[in-house]
*Asks:* 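Below are the structure tokens for one structure; questions will follow.
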Amino acid sequence: MYVNELTGTMSWRTRRPGGPRTRATLRTAPRGAAPLPAHPAAVRAAVSVPVETLTPEQLRHHLATVGALRSRVAADVAVGARVPTAVAARIRSGSTPAAAHALTAERSSAARELAQRGQRQGQGQRQGQG
């Protein structure tokens, strides 16, 4: 397995264990490539942010970050099903259906907090006018 951090991809060749290792077998070995999966620490960090303590601008930024990470994790889960078992065992990935669900819940929580703040702010402006 080869990892190219510059392009954000990994590639691999699979061959039968115990078989001869010649140029011909390496050339004909099945190959594959996929984007690098999301790191488990990135998922944990995004989920563990207390949204109640964020300013509205930070909350919007957090929503965008969580949304992008959620899309990446969902894509990783889809790609992960096609990665050979030997390759999947070598990569530590935070891209599991549970991680995608946790990010979805975090996004909902952040969106709810942002909406509630907008309502509170709107009520405060109306009371000041009346």
Side-chain angles (χ1 to χ4, degrees):
M1 184 172 83
Y2 305 98
V3 175
N4 185 336
E5 291 182 8
L6 184 63
T7 61
T9 58
M10 62 182 175
S11 58
W12 62 85
R13 285 188 218 171
T14 55
R15 60 184 179 87
R16 293 196 175 102
R21 192 172 183 169
T22 64
R23 276 190 207 179
T25 59
L26 287 177
R27 265 195 309 260
T28 60
R31 297 177 178 195
L36 288 176
H39 197 278
V43 174
R44 281 192 305 270
V47 171
S48 66
V49 172
V51 293
E52 302 82 23
T53 62
L54 300 177
T55 65
E57 187 60 35
Q58 290 172 328
L59 197 52
R60 282 189 283 278
H61 182 266
H62 179 65
L63 263 171
T65 302
V66 168
L69 187 56
R70 181 175 156 262
S71 294
R72 185 172 171 197
V73 167
D76 290 347
V77 169
V79 167
R82 298 185 306 247
V83 174
T85 308
V87 174
R90 294 188 63 188
I91 55 174
R92 285 186 27 198
S93 173
S95 303
T96 62
H101 177 72
L103 288 166
T104 300
E106 177 67 18
R107 187 176 181 283
S108 297
S109 172
R112 191 177 316 110
E113 180 68 24
L114 189 61
Q116 288 174 352
R117 286 187 190 180
Q119 286 177 346
R120 279 184 253 150
Q121 186 179 15
Q123 289 174 353
Q125 288 176 352
R126 281 190 294 247
Q127 289 175 354
Q129 292 174 355

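When a residue number appears, it is its place in the shown sequence, counting from 1. All values derive from a computational prediction rather than experimental measurement.
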*Asks:* Pairs of donor and acceptor atoms involving the side chains of residues 47-54, under 3.5 Å and at least two apart or interchain, shall be tabulated with distances.
*Replies:*
residue : atom : partner : partner atom : Å
S48     : OG   : R44     : O            : 3.0
S48     : OG   : A45     : O            : 3.3
T53     : OG1  : P50     : O            : 2.8

*Asks:* Taking all non-hydrogen atoms of both residues, which atom of A99 and which atom of V43 are closest, and how far apart?
*Replies:*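 Minimum heavy-atom contact is CB-CG1, 3.9 Å.
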
*Asks:* If every non-hydrogen atom of H62 is compared with every non-hydrogen atom of A110, which pair is closest and at what distance?
*Replies:* CD2-CB, 4.0 Å

*Asks:* Taking side chain to side chain donor-acceptor pair (under 3.5 Å) as the test, write out the residues that go with R112, two or more places apart.
*Replies:*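 Here no residue qualifies.
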
*Asks:* Which residue pairs satisfy the salt bridge (charged side-chain N to carboxylate O under 4.0 Å, His left out) criterion with at least one member in residues 95-104, sequence neighbours excluded?
*Replies:*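 Counting only pairs at least two positions apart or across chains, no salt bridge (charged side-chain N to carboxylate O under 4.0 Å, His left out) contact touches residues 95-104.
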
*Asks:* Only counting residues at least two apart or in another chain, list the ones meeting side chain to side chain donor-acceptor pair (under 3.5 Å) with Q58.
*Replies:*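 Q58 satisfies side chain to side chain donor-acceptor pair (under 3.5 Å) with T55 once adjacent residues are dropped.
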
*Asks:* With sequence neighbours excluded, tell me which residues meet side chain to side chain contact (heavy atoms under 4.5 Å, CB included) with P97.
*Replies:* V77

*Asks:* Using atom types as modelled, flag every donor-acceptor pair under 3.5 Å from a side chain in residues 64-74 to any protein atom, sequence neighbours excluded.
*Replies:*
residue : atom : partner : partner atom : Å
T65     : OG1  : H61     : O            : 2.9
R70     : NE   : T104    : OG1          : 2.8
S71     : OG   : G67     : O            : 3.2
R72     : NH2  : L36     : O            : 3.0
R72     : NH2  : P37     : O            : 3.4

